**Student:** 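Quick one: the structure is below, and I'll ask about it shortly.
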There are 4 protein chains.
Amino acid sequence: MSPRTVDVDRKKLLIIGNAFNVFRENGYANTKMSDIAEAAGISKGTIYLYFKSKEELLAKALETMLHLIQEKAYGQLEAIQDSEERLREFIHVFMGVFQEVAGVIGLLMEAISSDRLKVGDMEERSYLAGAYRNAINRVEAMLREGARRGVFREIDFHTSAIILVCMIDGLQIPYAISSDLVDIEKAAKVVEEMVFRFVK
Amino acid sequence: MSPRTVDVDRKKLLIIGNAFNVFRENGYANTKMSDIAEAAGISKGTIYLYFKSKEELLAKALETMLHLIQEKAYGQLEAIQDSEERLREFIHVFMGVFQEVAGVIGLLMEAISSDRLKVGDMEERSYLAGAYRNAINRVEAMLREGARRGVFREIDFHTSAIILVCMIDGLQIPYAISSDLVDIEKAAKVVEEMVFRFVK
Amino acid sequence: MSPRTVDVDRKKLLIIGNAFNVFRENGYANTKMSDIAEAAGISKGTIYLYFKSKEELLAKALETMLHLIQEKAYGQLEAIQDSEERLREFIHVFMGVFQEVAGVIGLLMEAISSDRLKVGDMEERSYLAGAYRNAINRVEAMLREGARRGVFREIDFHTSAIILVCMIDGLQIPYAISSDLVDIEKAAKVVEEMVFRFVK
Amino acid sequence: MSPRTVDVDRKKLLIIGNAFNVFRENGYANTKMSDIAEAAGISKGTIYLYFKSKEELLAKALETMLHLIQEKAYGQLEAIQDSEERLREFIHVFMGVFQEVAGVIGLLMEAISSDRLKVGDMEERSYLAGAYRNAINRVEAMLREGARRGVFREIDFHTSAIILVCMIDGLQIPYAISSDLVDIEKAAKVVEEMVFRFVK
DNA sequence: AATGAATGAGCATTCATTCAT
DNA sequence: TATGAATGAATGCTCATTCAT
């Protein structure tokens, strides 16, 4: 029989998922490799079979998880044809997503401010910037499409998209400080109304 | 206040100001006490004459600097009577402030996510939450006052205030990722328009 | 001997030979078991089927290879009857040998100084000391035989044998530092002349 | 009063001396920084105030100690005018030196074979090669001077010097294996006679 | 027997904090 | 009060060894 075999990608994903959560909860600097190992139910050394260093693990974890999250979120919007409906759904989906991955903004900020993420052949911060641009582009496209259809008015699509994304991201902050500072339901309602009063 | 006390306070402020900047630029975990000492032109040991630990220094630095910044910012608004004008100015002042102290959001998020800030007799995160609540209260008061005067419409004042603060805070994020992701001027314009279309 | 035993011995020798070379080139501490496995074209785990530990492998490798090398070298001298000729040949053969296994002295010294070699039921360093004594004894016998035949003069045979061996071993050192520090041809000539001027 | 002050060079020398001895006794790889710290009566961290890394410490220790040893040894020879006497003294001094620093050859070999010593701005192995060349040059000069004075005969001075140095260095090897393999007194006598029969 | 994935003890190094001056 | 040398706990990472297949 063949010796022990592993599905490398599955294992990497196991590690990445746990690393992502532990990093998110405790911050990068405050997370020990052994914490991640424990969370993943493996040993410290094993992590190093799949990732060169803590930094690489962070980078890969952010890259992978942000990608997965975005894919999942955008997937939900794909089917919706109506411009208004789609924008409305975008707001709700993303506010939900950010509740799920509470703390990710903090992790990102720590990663950025401590110049982590210069890993491997990736350009520094590029995929982060990429994820951001991606989100903005999606929103921008939605707004533009709505305008083309005559549902939305003509505005500075790009900047408006940025603001919309920032509104939602920004909500992470009070939420992180103390989750009772903000009532997500009410917030969603206000964001929605604010956005629609603006775009229409 | 005795001259002695003044001296002590002056020194504390010297340390705090430098600590704040170094923390903001490099993140908490990435900052060494010796970096702060060097920035302040004193020796490492001296810091410990004024602050018990790195954590306390962070807490005091955030507390003090956030307070100073808010005071300064709110001071500028005090004089303005007109509700609309005041709200408009609020947006511009705070977007300016956050450019000045770029990175502070990252520091806050790091501090929060790594459970720093549980220092001494302060309740955890209380002054951060306090600062946040303070900002929100100010905005809320502005909106409410405007409504009372019949300039603004009746809305969910509290939640709206939160969203407004989050829009501005949220802009820190793309700015931190890569300062050319966002054009502050245009952003201010859109934020302003969005807010006014909403409140009026 | 059963075919089974032959197989085992063949495999052990495969591992030993490769281990010897890798150890010699990189030093003991600097050699990973995986390096040896790779050199031998087998897997890491397999080594442990034949050797208890890295230390045992080193010990066995040194023991076996030194033995083989000595056998081969002494074999070449066996046939020579003439005392002078034999001594001359000894010098050349051993200087050649040490060029072939450059670095072995370093490995020995490392092994000795780090108290490796205390393996299993072997007495510490005994076979190393044994190999050394063996070499010295051979030379001593040559000198003594030459004296008996009236070709060499009466000297302190034992100590002289030691010195002769040390001269040749000692040449390994500059050779290891930088192979261009010493011209082997010229060195052989001088050693030969020095020895013959002494023994005659 | 001024704060605690140290004589940096004295402290470095304290560390270097202890490091040299511990390295010499146990080998580089087998020596923990804490061993050195303990030997020097200081803490691990303190070593890093004076040396960047274990490798740098090894390099500096070898460089410094070899230099000191050579200076001391050559100093003893300086006064001696007579060529024969000086050469004789050289042999005895160096055989004594190598007894004092028994194991240094092993350390050197380990350092060389594991490519340690590439530290800082020093060229790899250069000072080791330098120390070797220095020793050889001294001997060569002695032989040449003796020949000039008509006391020694004309020989291949350079190669002869190498051989002489190697004889003495080579004695380190059996001595390291088991100090009773070689009787230093007798060895010195034989070396002396062998050398003098050769050079005269 | 052979494999190579998994383990975890071990160690170099960093840096917040202390303390002698 | 101020200093900066000294400390040692803490942690990333390596690699000999084990073990499931």
Side-chain angles (χ1 to χ4, degrees), chain A residues 1-8 11 29-37 40-57, chain B residues 4 7-8 11 28-38 40-58, chain C residues 4 7-8 11 28-38 40-58, chain D residues 1-8 11 29-37 40-57:
Chain A
M1 191 167 302
S2 74
R4 208 172 347 181
T5 303
V6 285
D7 181 333
V8 169
K11 197 101 190 195
N30 232 28
T31 296
K32 289 174 263 182
M33 290 304 264
S34 59
D35 295 338
I36 296 169
I42 57 176
S43 88
K44 222 168 4 125
T46 303
I47 298 176
Y48 286 91
L49 296 178
Y50 299 91
F51 301 94
K52 256 199 298 294
S53 66
K54 190 182 175 187
E55 286 207 4
E56 183 187 293
L57 179 54
Chain B
R4 180 63 167 279
D7 268 12
V8 166
K11 198 100 185 200
Y28 174 81
N30 235 29
T31 295
K32 293 179 247 176
M33 289 302 263
S34 59
D35 295 337
I36 295 169
E38 193 178 7
I42 58 176
S43 90
K44 237 178 340 153
T46 304
I47 297 176
Y48 285 89
L49 297 177
Y50 298 91
F51 302 92
K52 251 202 301 295
S53 67
K54 190 183 175 187
E55 288 207 2
E56 183 187 293
L57 179 54
L58 170 65
Chain C
R4 181 64 168 280
D7 267 13
V8 167
K11 199 100 183 199
Y28 174 81
N30 235 29
T31 296
K32 294 178 247 178
M33 289 304 263
S34 59
D35 295 337
I36 295 169
E38 193 178 6
I42 59 176
S43 89
K44 235 175 348 149
T46 304
I47 297 177
Y48 286 87
L49 296 178
Y50 299 91
F51 301 93
K52 250 201 302 296
S53 68
K54 190 182 175 188
E55 289 208 1
E56 183 187 290
L57 179 53
L58 170 66
Chain D
M1 194 166 303
S2 75
R4 209 171 347 179
T5 302
V6 285
D7 181 331
V8 169
K11 197 103 189 194
N30 232 29
T31 296
K32 291 177 259 182
M33 290 304 263
S34 60
D35 295 337
I36 295 170
I42 59 177
S43 89
K44 227 167 2 128
T46 303
I47 298 176
Y48 286 90
L49 297 178
Y50 299 91
F51 301 94
K52 257 198 297 295
S53 67
K54 190 181 175 188
E55 287 208 4
E56 183 187 293
L57 180 53

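Sequence lines set the chain letters: A, B, ... in the order given, protein chains first and strands last, and positions in each chain run from 1. Since the structure is predicted, the reported quantities are computational estimates derived from the model, not experimental observations.
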**Student:** E:dT3 C1' sits how many Å from C:Glu38 CD, rounded?
**Tutor:** 15 Å

**Student:** According to side chain to side chain contact (heavy atoms under 4.5 Å, CB included), who are the partners of B:Phe51, at least two apart in sequence or on a separate chain?
**Tutor:** B:Lys12, B:Ile15, B:Ile16, B:Ile47, B:Glu56, B:Leu57, B:Lys60

**Student:** Want to know the stems of DNA chain F: at least 3 consecutive Watson-Crick or G-U pairs with distances under 3.5 Å, which are they?
**Tutor:** E:2-21 with F:2-21

**Student:** Taking the side chain of D:Leu49 as its heavy atoms from C-beta onward, which of F:dT3, F:dA5, F:dG8 lies nearest to it?
**Tutor:** F:dA5

**Student:** Identify the two heavy atoms, one from C:Glu55 and one from C:Tyr28, that lie closest to each other, and give their separation to 0.1 Å.
**Tutor:** CG-OH, 3.2 Å

**Student:** B:Phe51 CZ to F:dT1 P: how many Å, rounded?
**Tutor:** 14 Å

**Student:** Excluding sequence neighbours, so at least two apart, what forms side-chain hydrogen bond (donor to acceptor under 3.5 Å, both in side chains) with C:Lys32?
**Tutor:** none

**Student:** So do the side chains of D:Lys11 and D:Ile42 get within less than 4.5 Å of each other, counting heavy atoms only?
**Tutor:** yes

**Student:** Output all residues satisfying side-chain hydrogen bond (donor to acceptor under 3.5 Å, both in side chains) with D:Ser34, sequence neighbours left out; order by chain, then residue number.
**Tutor:** none

**Student:** Looking only at side-chain N and O atoms, does B:Thr46 come under 4.0 Å of OP1 or OP2 in F:dT3?
**Tutor:** yes

**Student:** Taking only side-chain N and O atoms of C:Lys11, does any of them lie within less than 4.0 angstrom of OP1 or OP2 on E:dA2?
**Tutor:** yes

**Student:** Whole-Å distance between F:dC15 P and C:Tyr48 OH?
**Tutor:** 12 Å

**Student:** Just to confirm, is there a sub-4.0 Å distance from OP1 or OP2 of E:dA12 to any side-chain nitrogen or oxygen of D:Lys54?
**Tutor:** yes

**Student:** Rounding to an integer number of Å, can you tell me how far B:Lys32 NZ sits from E:dT17 P?
**Tutor:** 15 Å

**Student:** Would you say a side-chain N or O of A:Lys44 is under 4.0 Å from OP1 or OP2 of E:dG8?
**Tutor:** no

**Student:** Output the single nucleotide from F:dT18, F:dA6, E:dT7 whose closest atom is nearest the side chain of A:Ile42.
**Tutor:** E:dT7

**Student:** Is the phosphate of E:dA6, meaning OP1 or OP2, less than 4.0 Å from a side-chain N or O of A:Tyr50?
**Tutor:** yes

**Student:** Assuming nearest nucleotide by heavy-atom distance, tell me which of D:Ser34 and C:Ser43 is located more 5' along DNA chain E.
**Tutor:** C:Ser43

**Student:** Taking CD1 from C:Ile47 and C1' from E:dG4, how many angstroms apart are they, rounded to a whole number?
**Tutor:** 12 Å

**Student:** Taking only the side-chain heavy atoms of C:Ser53 (C-beta and beyond), determine which of F:dG4, F:dT17, E:dT7 contains the nearest atom.
**Tutor:** F:dT17

**Student:** Test: salt bridge (charged side-chain N to carboxylate O under 4.0 Å, His left out). Region: residues 40-49 of chain B. Which pairs qualify, not counting sequence neighbours?
**Tutor:** none

**Student:** From CD of A:Glu56 over to C1' of F:dC13, roughly how many Å is that when rounded to an integer?
**Tutor:** 14 Å

**Student:** Rounded to whole angstrom units, what separation is found between the CD atom of B:Glu55 and the C1' atom of E:dC15?
**Tutor:** 14 Å

**Student:** Send over the distance from C:Tyr28 OH to F:dC15 C1', rounded to a whole Å.
**Tutor:** 11 Å

**Student:** E:dT18, F:dC13, E:dT7: which one has an atom nearest the side-chain heavy atoms of A:Met33?
**Tutor:** F:dC13

**Student:** Can you give me the closest heavy-atom contact between A:Ser43 and A:Ala37, atom names plus distance?
**Tutor:** C-CB, 3.6 Å

**Student:** List for me each residue that meets side-chain hydrogen bond (donor to acceptor under 3.5 Å, both in side chains) alongside D:Thr31, sequence neighbours excluded, and say none if there are none.
**Tutor:** none

